[in-house]
*Asks:* 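Have a look at this one.
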Protein chains: 2
Amino acid sequence: MAATAHQLFREQSTGKKKRERTRSTLLDSAISVFASKGFEATRITDITSHAELANGTFYNYYQDKDELLRDVATGLAVEITGRINDEMEGLTHGPTRVALATARLLHVARQEPEWLNVLLEGVFIVPELQSATVQYLRQDLEIGIEQGHFTIEINLLLVNQILSLIRAGLLLDPDMSDATIRQTCEAVLRLLGLTPTKSRKQVDKVFQRHLEN
Amino acid sequence: MAATAHQLFREQSTGKKKRERTRSTLLDSAISVFASKGFEATRITDITSHAELANGTFYNYYQDKDELLRDVATGLAVEITGRINDEMEGLTHGPTRVALATARLLHVARQEPEWLNVLLEGVFIVPELQSATVQYLRQDLEIGIEQGHFTIEINLLLVNQILSLIRAGLLLDPDMSDATIRQTCEAVLRLLGLTPTKSRKQVDKVFQRHLEN
DNA sequence: CTCATTTTTGAGATTTTTCTCATTTTTCTT
DNA sequence: AAGAAAAATGAGAAAAATCTCAAAAATGAG
């Protein structure tokens, strides 16, 4: 077990009984291995050996890789959306909400480089996860439309385009430098119809007010 | 061999000697199978049986799947960029060039649904292909910048964002309806800094002048 | 601490996929 | 049409991955 990264599931299960703790070990190891080799290419034994468990142990918990991915991605979705939502309290301005949510998401990706990668792969492979994870995004888009800031039509394609922009940033710069985060946020706002100048200013404002550290 | 789709490589090799013809059969079958199962999930025997060849024949031509993918994707890139370029002769207006190139690309994807899928997967897995395939795009972006129509900075991330928007359209609507093509072209122009209204008008113009059929 | 219950283990059976190569078949030049 | 060279074949060896299960080890409730 390469114990450098934050052990999300392990921490959630301390105190609980053995079964839950082992399941969590598998989930955390799956994150690491899926992130480094990709879902398709990972073998059951990659996960169990990363977890320092016997190969057979996997089968006490899951039928196959897909079932495991479902659990992993669902857990990541809950954790990540939770973290973003905490920061959004009380914001009513549509563009600010979208910019901040995007920036926060990419910020999580910087702190935990494996999470977003695995979540996006999961959303892609387990489609029923998608509607659950994009519901917040849709709400913020609708707010911005009602306020007249976004002058485009919301549809499924638009939501997928936004996810695609986020994925593009993650792919090109897995470390998520500030520059990549800013450029991605600006790209999202331009996609939603803001001018380049307004997009830039909106992102500057969000960085100053909400992401100073 | 499910002979419905256009046999790109087979046609290029008619008249040539057997070795080239068989190689082309493998390449065409690879397109079909990669497109339907995805690269990772396809087995060598999926390709040979689709091609109605013996399993061993594969190894007379390629060491492994990756080598085959390289050949397939390179051939597709040449064919597709060639088709797009044919239509771009004499156009000097940056936004028109970008909109038309995007629309033509998606149009090819409609006529040959497998090609763009496989090319994009290839570009992703065989990175050295990427710089070759995006060079045309970069040129058109620079034209638009010089003319003052695009007021954003060109960099690697921007190019990847454009590819991502294209992939998002293909993923959501593999049949590439006119609506999807238009929305994708508009999204690309907005990403480049045009207003929603200008993007819409630019795309309308391109459809009227260059894509009437 | 005890011991019934739960969990883990890993050797190996099974399944899947890759890869080889002696033989057969096809090609194509003369 | 002959026949040397080129190409295709497919059975089966080898490698890689999955999955099972009887035995061993760990757990934790009383």
Side-chain angles (χ1 to χ4, degrees), chain A residues 1-3 7 9-30 32-72 121 125-126, chain B residues 1-3 7 9-30 32-72 121 125-126:
Chain A
M1 181 174 55
Q7 306 266 109
F9 295 104
R10 216 47 230 275
E11 281 172 22
Q12 287 176 355
S13 68
T14 41
K16 301 203 173 163
K17 60 171 68 130
K18 181 83 181 172
R19 185 144 237 275
E20 277 320 294
R21 298 198 325 266
T22 300
R23 168 172 261 123
S24 297
T25 303
L26 284 173
L27 291 167
D28 283 325
S29 291
S32 294
V33 181
F34 289 161
S36 80
K37 311 187 67 164
F39 175 73
E40 281 278 6
T42 97
R43 303 290 148 233
I44 304 297
T45 55
D46 295 331
I47 296 165
T48 50
S49 67
H50 185 281
E52 292 177 322
L53 292 169
N55 154 270
T57 302
F58 174 85
Y59 299 94
N60 295 335
Y61 292 86
Y62 295 100
Q63 300 263 352
D64 54 32
K65 259 198 307 176
D66 280 75
E67 217 175 271
L68 174 59
L69 177 65
R70 217 173 297 268
D71 255 20
V72 167
E121 196 159 18
I125 292 170
V126 187
Chain B
M1 182 174 55
Q7 305 267 110
F9 294 104
R10 218 44 231 277
E11 282 171 25
Q12 287 176 355
S13 68
T14 42
K16 303 204 173 162
K17 61 170 68 127
K18 182 82 181 169
R19 185 143 239 276
E20 277 320 295
R21 301 200 319 271
T22 300
R23 168 171 262 124
S24 297
T25 304
L26 284 173
L27 290 168
D28 283 325
S29 290
S32 294
V33 183
F34 288 161
S36 81
K37 312 187 65 164
F39 175 74
E40 280 278 5
T42 97
R43 303 290 148 234
I44 304 299
T45 55
D46 295 331
I47 296 166
T48 50
S49 67
H50 185 280
E52 290 176 324
L53 291 169
N55 153 271
T57 303
F58 174 86
Y59 297 95
N60 295 335
Y61 292 86
Y62 295 101
Q63 298 265 351
D64 53 33
K65 260 197 308 174
D66 279 74
E67 217 176 271
L68 174 61
L69 177 65
R70 216 173 298 267
D71 256 20
V72 167
E121 197 160 14
I125 293 170
V126 187

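In what follows, every chain begins at residue 1, and chains take the letters A, B, ... in the order their sequences are listed. Hydrogens, waters and symmetry mates are skipped; everything else that's a heavy atom, side chains included, is used.
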*Asks:* Strictly distance-based, threshold 3.5 Å: is any side-chain N or O of Ser29(B) a donor or acceptor partner for the main-chain N or O of Leu26(B)?
*Replies:*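 Side chain of Ser29(B) to backbone of Leu26(B), a donor-acceptor pair under 3.5 Å: no, none is there.
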*Asks:* Just the rounded figure in Å: distance from C1' of dT5(C) to CZ of Arg19(A).
*Replies:*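 Rounding to the nearest Å, CZ of Arg19(A) and C1' of dT5(C) are 13 Å apart.
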*Asks:* Using only atom types and a distance under 3.5 Å, with no angle test, would you say the side chain of Asp28(A) pairs donor to acceptor with the backbone of Phe9(A)?
*Replies:*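 Answer holds: yes.
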*Asks:* Between Thr22(A) and dT7(C), is there a side-chain N or O to OP1/OP2 distance below 4.0 Å?
*Replies:*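 False: Thr22(A) side-chain N/O out of range (4.0 Å or more) of dT7(C) OP1/OP2.
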*Asks:* Between Thr14(A) and Arg21(A), do the side chains contain an N or O donor and an N or O acceptor separated by less than 3.5 Å?
*Replies:*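 No, no side-chain donor-acceptor contact under 3.5 Å.
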*Asks:* To the closest 0.5 Å, what do you measure between CG (Leu69(B)) and CZ (Phe39(B))?
*Replies:*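 Answer for the CG-CZ pair, Leu69(B) versus Phe39(B), is 5.0 Å.
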*Asks:* How do Tyr61(B) and Thr57(A) order along DNA chain D: which one's closest nucleotide is nearer the 5' end?
*Replies:*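 Nearest nucleotide further toward 5': that of Tyr61(B).
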*Asks:* For DNA chain D, which nucleotides open and close the run of contacts to chain B, 5' to 3', at under 4.0 angstrom from a non-hydrogen atom?
*Replies:*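 Listed 5' to 3', the contact boundaries are dA7(D) to dA11(D).
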*Asks:* Side chain to side chain contact (heavy atoms under 4.5 Å, CB included), that's the test. Do Ser13(B) and Arg23(B) meet it? Break it down for me.
*Replies:* CA-CA 9 Å; Ser13(B) 68; Arg23(B) 168 171 262 124; over 6 Å; no
*Asks:* Counting only Watson-Crick or G-U wobble pairs whose two distances fall under 3.5 Å, which nucleotide matches dT30(C)?
*Replies:*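 Here dT30(C) is engaged in a pair, and the nucleotide opposite it is dA1(D).
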*Asks:* Looking at the side chain of Lys17(B), which of dT7(C), dT18(C), dC28(C) is the nearest nucleotide?
*Replies:*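 Given the options dT7(C), dT18(C), dC28(C), the side chain of Lys17(B) is closest to dC28(C).
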*Asks:* I need the CZ-P distance between Arg23(A) and dT6(C), as an integer number of Å.
*Replies:*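 That distance rounds to 16 Å.
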*Asks:* Rounded to whole angstrom units, what separation is found between the CG atom of Asn60(A) and the C1' atom of dG10(C)?
*Replies:*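 Those two atoms, CG and C1', are 12 Å apart.
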*Asks:* Could you check which nucleotide pairs with dA13(D) in any of the strands shown, counting Watson-Crick or G-U wobble with both distances under 3.5 Å?
*Replies:*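 The answer is dT18(C), by the H-bond criterion.
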*Asks:* From CG of Asn55(A) over to C1' of dA11(C), roughly how many Å is that when rounded to an integer?
*Replies:*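 In whole Å, dA11(C) C1' lies 10 Å from Asn55(A) CG.
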*Asks:* Does Tyr62(B) reach a base, just sugar-phosphate, or nothing at all? Heavy atoms under 4.0 Å.
*Replies:*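 Nothing, no heavy atom under 4.0 Å.
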*Asks:* Rounded to whole Å, how long is the line connecting atom NZ of Lys18(A) with atom C1' of dT8(C)?
*Replies:*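 Rounding to the nearest Å, NZ of Lys18(A) and C1' of dT8(C) are 8 Å apart.
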*Asks:* Can you tell me how far C1' of dC28(C) sits from NZ of Lys16(B), to the nearest Å?
*Replies:*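 Atom-to-atom, Lys16(B) to dC28(C), this comes out as 18 Å.
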*Asks:* To the nearest Å, how far apart are Glu52(A) CD and dG10(C) P?
*Replies:*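 Result: 12 Å.
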*Asks:* Could you walk me through whether Ile44(A) and Tyr59(A) satisfy the side chain to side chain contact (heavy atoms under 4.5 Å, CB included) test, starting with their C-alpha distance in whole Å, then the side-chain angles of each, then the deciding distance to 0.1 Å, before giving a yes or no?
*Replies:* CA-CA 9 Å; Ile44(A) 304 297; Tyr59(A) 299 94; 3.8 Å; yes
*Asks:* DNA chain C: Asp64(B) or Glu20(A), which has the more 5' nearest nucleotide?
*Replies:*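 Its nucleotide being nearer the 5' end, the pick is Glu20(A).
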*Asks:* Go ahead and name the base partner of dA26(D); Watson-Crick or wobble counts if both distances stay under 3.5 Å, otherwise write none.
*Replies:*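 Here dA26(D) is engaged in a pair, and the nucleotide opposite it is dT5(C).
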*Asks:* Separation of Ile44(B) atom CD1 from dT16(C) atom P, in whole Å?
*Replies:*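 Atom-to-atom, Ile44(B) to dT16(C), this comes out as 17 Å.
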*Asks:* If you look at every strand shown and take non-hydrogen atoms under 4.0 Å, does Arg21(A) touch a base, only sugar-phosphate, or nothing?
*Replies:*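 It contacts sugar-phosphate atoms only.
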*Asks:* Checking Tyr61(B) against Arg19(B) for the side chain to side chain contact (heavy atoms under 4.5 Å, CB included) test, could you report, in this order, the C-alpha distance in whole Å, the side-chain angles of both residues, the deciding distance, and whether it holds?
*Replies:* CA-CA 9 Å; Tyr61(B) 292 86; Arg19(B) 185 143 239 276; 3.8 Å; yes
